[in-house]
Structures are given as structure tokens and as C-alpha cells.
Amino acid sequence: MMLPAEVGGLALGPRTFAAVVATLAEADASVAMVYLMHMGAAATIAAARPSVAVEPTLREIAAGRHLSTLAFSEAGSRSHFWAPVSRARRNAAGVHITAKKSWVTSAGHAQSYVVSSLAPDGTGPTDSTLYLVPTGARGLSVAGPWDGLGLRANASAPIALEDCEVTPSCQLTEDGAGFQTMLQVVLPLFNLGTAAVALGLCRAAIAATAAHLKSARFEHLGQSLGESLPTLRAQLATMQIDTDGLSARIDDVIDHLERPRETTMLRVLESKAAAGDAAISVTSAAMRACGGAAFSKHMIVERLFRDAHAGAVMAPTGDVLREFIARAVLEMPLF
Ligand SMILES: Cc1cc2nc3c(=O)[nH]c(=O)nc-3n(C[C@H](O)[C@H](O)[C@H](O)COP(=O)(O)OP(=O)(O)OC[C@H]3O[C@@H](n4cnc5c(N)ncnc54)[C@H](O)[C@@H]3O)c2cc1C
């Protein structure tokens, strides 16, 4: 959708991207997250250094035949994905990577992985390089099952790279330039996309709650739940207010991405933090408003509630974003 026309893409922008991700998430947040990770990987591949021949991969992606994903988080540095603890070793053929990637969406299903690792000669904790590792590469394996509370269909299993050889033709960034690509290419798309996933979840929670309040009845009173209880109407109203607030915030961050300015990075950081809170709050209200019917899995609300808890713990986590936002406001260095 966002790849350039020269490789068969539609060259569409963040507005369409966010609308598509929110629509997918309204139906199934796992699918939306698989797509979002793919889009982050595709953008990173498209931004590869000029000497790397990524065009065949981009053409496969544009044709819908190649699913990719991001393998950044490591067991050693946990949610601090910007600081991998693995380090690539260089030899005559390229580099060898040994790394424990703790969660990788679409693990075992993707055709390729965008993998981070410290540059062979990097000196600082963020001197990483990004590589494109095809599935089937020797030494690459899915290292365990995925059994999350929510997003149960997105296969976010760990993967292991064991002395995995990567040729120079698959080195996407210059040595040590991975961190800049994470910040400039991946972060805006990922934060916007995660906010859009939250919006889809909120919309689905409102639709399910409204349908329940209209259809479930107190037969002894001759009224639906919605007709009978002002408290439930007030909860539904709060859900709607929070959801429309999130929608407006997403429009605002899209505007900032379309016309970058001084406040763009701040808005990008804020969008994911605020969206994570909104999704948890709206789906929690839906659980309460729909009572035992929601708790007993008679409706989709409990899945929305479980899925909604992923956004805040996916890196950059809501806590880390708050730390960055406050540091930016206080004019302190972010890293
Ligand atoms: C469904 C799902 C899909 C995922 N998919 C991918 C993927 O495709 N690719 C990928 O690379 N990763 C992926 N991840 C990993 C994700 O991005 C995080 O790295 C992971 O969730 C971090 O969990 P942790 O237990 O290691 O957190 P920890 O780092 O142990 O954090 C624990 C708590 O401490 C807080 N905390 C940590 N650092 C700070 C700080 N500096 N200031 C304040 N609070 C802090 C956190 O907010 C959190 O509440 C996925 C995770 C999930 C749940």
C-alpha cells in the first residue's frame, strides 16, 4: 500500500494506512498487528541503503506474496529494543548473528525478518545495524510457542538466530545506522499503526456494547438494558467520547506526519501512549457494561479487552513513552 509505484506499490500515505489498520482491527486486532509489523518491515526494506538489491523483495511484497516482520526485541534488553545485546561478527562472507529475539509477530509464518544486532565494531549500546534475514536461513528457528493473553492469532513467538550467516546484500543499513532507521522509519509508522489498532478495538467495543444494550432485555420490566439503565448509557457515552478523542488524536498525528514540524516527534510519542490507555479504558468499560454476558464469553467483548492490553506493553511501552515525552518537555536528552 505504501511502497513506491516503481516496484508495484500504491504509494499511499499514513492517512490510508491508519484507516486500513483501524478497519482491520475492528474485525480482528491480531490480523491488524500482523499487517502493521509487515508494513514496518516493508518500509525499512524500502529505505535500504542504495547498494542493496531489495527490489525483487519489494516487488514480491507489492504483489502480496511476501510477508515480513520486525525482530527487534531481545531477551537481554527486553522492551529496550533500541539497545540489542547481540552483536554481529564479520568475516569474509558477511556477518554472523547469534541472537535471542524474544517476541516476533508472524514468527514461523513470515517470508523474511528485519533483524537488529549491534554493529561488529559499534562502540555504544545503540550502534545497531538492520539486516533482512529470509525465512529458511541456516541458524534461524522459532524458539517457542506463542500463548499470549490477547492477540492470540498473531504468532508472536520467540525466534533464535544461531550463528546465522547474512551476506552484505542483506545488510539494510550502514553499520551502526540501524538506530536512526528505527527512529525515523519504523517508530512513526508503528506508533500511528498501534494507535489505529486501538481505535479499531474501541469502535468494535462500542458496536458490541450498543448491540447488547439494545438486544438484552429485562423481560419483567419490558425494557432493554439500554432503555432501563442510565448508568449503562453513561458508560457507553464515556466510551464514545474516549473513542472519538482517540480518532481526533490520530487525525492530528497524521497531519503532523504529512506536514512535519517541530512538534511531530512529540505527537508521535503521545499517540501510542494515549491510544494504549484509551483501548484499555474503553474495553474495560465494555466489560462492565455488558456484565456477566461479556465475562462468560457470550460476546466478543472479552477478546477485545484481552487484545487491548497488548498495545501498552509493546515497545516502546506506555511507560517508556511517558519517560521520553517528559524528557522532551524538560529538554533533557532522550537516550
Ligand atoms: C503481542 C506482542 C507482539 C510483539 N511483537 C513484537 C515484534 O513483532 N517484534 C519485536 O521486536 N517485539 C515484539 N514484541 C515485544 C515488545 O515490543 C516488547 O519488547 C515486550 O512486550 C516487552 O516485554 P518485557 O516483559 O520484556 O518488558 P520489560 O522491559 O521487562 O518491562 C517491564 C515493565 O517495565 C516498564 N519499563 C521498562 N523500561 C522502562 C523505562 N525506561 N521507564 C519506565 N518504565 C519502563 C515497562 O513499561 C513494563 O511495564 C511483542 C510483544 C507482544 C506482547
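Atoms within a ligand are numbered from 1 in the order they appear, just like the ligands themselves.
At the top of the distance list for atom 39 (C) of ligand 1, counting protein heavy atoms only, stands Val320 CG2, 3.5 Å.
Nearest to atom 29 (O) of ligand 1 by heavy atom, out of Gly150, Ser79, Ser77, is Ser79.
Looking at Met33 against ligand 1, nothing comes within 4.0 Å, counting heavy atoms. Looking at Val104 against ligand 1, only its backbone comes within 4.0 Å, counting heavy atoms.
By the definition of a contact as any protein heavy atom under 4.0 Å away, atom 5 (N) of ligand 1 is in contact. Protein heavy atoms are found inside the 4.0 Å sphere centred on atom 43 (C) of ligand 1.
Contacts of Thr238 classified as side chain to side chain donor-acceptor pair (under 3.5 Å), with partners at least two apart in sequence or in another chain: none.
We find that Asp255 and Arg261 are joined by a salt bridge, their nearest charged nitrogen and carboxylate oxygen being less than 4.0 Å apart. A salt bridge links Asp163 to Arg89: one of the charged nitrogens lies within less than 4.0 Å of a carboxylate oxygen.
If you chain together hydrophobic residues whose side chains sit under 4.5 Å apart, Val268 and Met39 fall into the same group.
Judged by the shortest distance from any of its heavy atoms, Phe324 lies outside the 4.0 Å radius around the atoms of ligand 1. Using 4.0 Å as the threshold, His80 has a heavy atom nearer than that to some atom of ligand 1.
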Side-chain donor/acceptor pairs under 3.5 Å, residues 55-63, sequence neighbours excluded:
from  : atom 1 : to    : atom 2 : distance (Å)
Glu55 : OE2    : Arg59 : NE     : 3.0
Glu55 : OE2    : Arg59 : NH2    : 3.2
Arg59 : NH2    : Glu6  : O      : 2.7
Glu60 : OE1    : Arg65 : NE     : 3.3
Glu60 : OE2    : Arg65 : NE     : 3.3
Glu60 : OE2    : Arg65 : NH2    : 3.0

